[in-house]
Amino acid sequence: MSNPSNLKYTASHEWIKTEADGTITVGITQHAQELLGDMVFVESPAVGRKLKAQEECAVVESVKAASDVYAPVAGVVTAANAELDSAPEKINADPYGAWMFKMKPDNAADVAELLDAAAYQAHVDSEAH
Amino acid sequence: MTTLKQTPLNAAHRAMGAKMVDFGGWDMPIHYGSQLDEHHQVRIDAGMFDVCHMRVVDMRGAGSRDFLRYLLANNVDKLQTAGKALYSCMLRPEGGVIDDLIVYFMTEDWFRIVVNAGTADKDIAWMKEQAQKFNRHLPAGDAAAALSPFGGKLDRGALQSPLPSPPPMGEGIKPITITSRDDLAMVAVQGPSAASKLWQAMPGSQELAESLKPFNAVEMGTMFIARTGYTGEDGFEIMLPKKAAPFFWQALADAGVKPIGLGARDTLRLEAGMNLYGHDMDETISPLEAGLAWTVDLKSERDFIGKAALMAKPATRKLVGLVLQDRGVLRDHQVVHTALGAGEITSGSFSPTLNKSIALARVPAGVQIGDSVQVAIRDKMLTATVVKYPFVRNGKGLI
């Protein structure tokens, strides 16, 4: 599975999709879900919570380990994916479809500065060494 | 850079899509796609495990039984019929656990022992050292004037704690040989369908496999079939020549047995309440504080290495099961807060069969089944309940 080119990425393995209304949808990448293994719990941020860029805001817990998920940019949480409460394995099966939370960014420009697919892949490759 | 050790099934794992990891210096499959699916597969149907990293040790010689009575905490005199197996710890003189193992009585001249991968070299060195001290020609009734048959003196000064004197053996040396069977591979087949799929894969084995009782072993040609396992399900652990392993693995696959990785092996054994060496116990832990009192025979007059230390020191801690009531996963080394003081999780994970997090924990001895405890998980205190284990038997939750 390659990194979809219409998404942005962070070095901490989140993907970001910009929606038509200016909000962003956030999830974790194929690389992240593969490293973590089968998911058993997902803890999403509360709707309305204000986040700083790179703030810990969610947790994905696999049998192997718990991993923090970080806000890609500063903003406010507008939604969390309730499906993941009962079906955390969706993240493994469909990492780019199983979104975790949505945000309204403080500055649209912050999103443009995130990594594109090629830059993210280069980052993943460098982490492997 | 050291290269990882490989089992004869390495190519087969890769061909089956395994995610390979460094497992204590071995290149092993952690899963073949989904550790959770593999776990369920074993509880519902049948799965196969590459356990070639474990070590088979053959002890031969007329003195083997006497030596094992002295070496092991459990009593091999429980083994009177050929093929019968016994789960035991091997203890240090101070009472700590060197390893847990299974010993099979095949003939009075041959006992087979299976030990853990990570401790195998240590175990064999210990066994050989103890056997050398045990192999002595005794004038009848004079155990103290022992000399080894090779002319050396027993160097008691080198010991940390006094070893018990081996019982007088009467006249004549009964030499024991201890051989690491590096020529053997081992495959486990586990699950309610394990028996029927095993004999599909091994033509001619049905009658033999059907009549084999749990915790017994039998030889069939070059295969050694034991009805033992590490999952809590019916199943077999099969030892066979390394060269035969890939063909056997494929035959099992053709019979519909799915490959199962080490990730699922751990969740299966934890649900079954089975100890893992290096986690639930080690050389600093008494078996009495690791839930293994049932494997230690303190009743008979038999003396064995570690007996005096266990008798002298009552256990102040015990191993209990925990079930997490909140969302999250219990993990090794997390601190457990009880009304009687702090304890520690020794093995924690997620139970796919129960869909909850479970753990084994070492806590103060007075803690009771049903008690509520707090576990420090990351930055929170989560509530867990103390339960009796095993957590799952015959595919069904017990808690």
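Here is the naming used below: chain letters follow the sequence lines, and residue numbers restart at 1 for every chain.
Looking at heavy atoms from C-beta onward, B:H31 lies out of side-chain contact with A:K64 at the 4.5 angstrom threshold. With contacts defined as side-chain heavy-atom distances shorter than 4.5 Å, the pair A:D85/B:R327 qualifies. Residues A:D38 and B:E38 form no side-chain contact, since every pair of their non-hydrogen atoms from C-beta on lies 4.5 Å or further apart. For the pair B:V329/A:V63, no side-chain contact is recorded, criterion being any heavy-atom separation below 4.5 Å from C-beta on.
Applying the 6.0 Å contact sphere to CD of A:E55 captures more than 12 heavy atoms from other residues, nucleotides or ligands. In this structure, A:K17 places its NZ atom where only 12 or fewer heavy-atom neighbours from other residues, nucleotides or ligands lie under 6.0 Å away. Within a 6.0 Å sphere centred on NZ of B:K197, heavy atoms belonging to other residues, nucleotides or ligands number more than 12. Around NZ of A:K8, the count of heavy atoms belonging to other residues, nucleotides or ligands within 6.0 Å exceeds 12.
Using a 4.5 Å cut-off between heavy atoms, B:S357 makes no contact with chain A at all. Using a 4.5 Å cut-off between heavy atoms, B:S349 touches chain A through its side chain atoms alone. Contact annotation for A:E34: only backbone heavy atoms (N, CA, C, O) come within less than 4.5 Å of a heavy atom of chain B.
Within the model, atoms CZ of A:F41 and CG of B:D326 stand 9.5 Å from one another, a figure rounded to the nearest 0.5 Å.
Between B:R378 and A:E43 no salt bridge is recorded (no basic side-chain N to carboxylate O distance below 4.0 Å).
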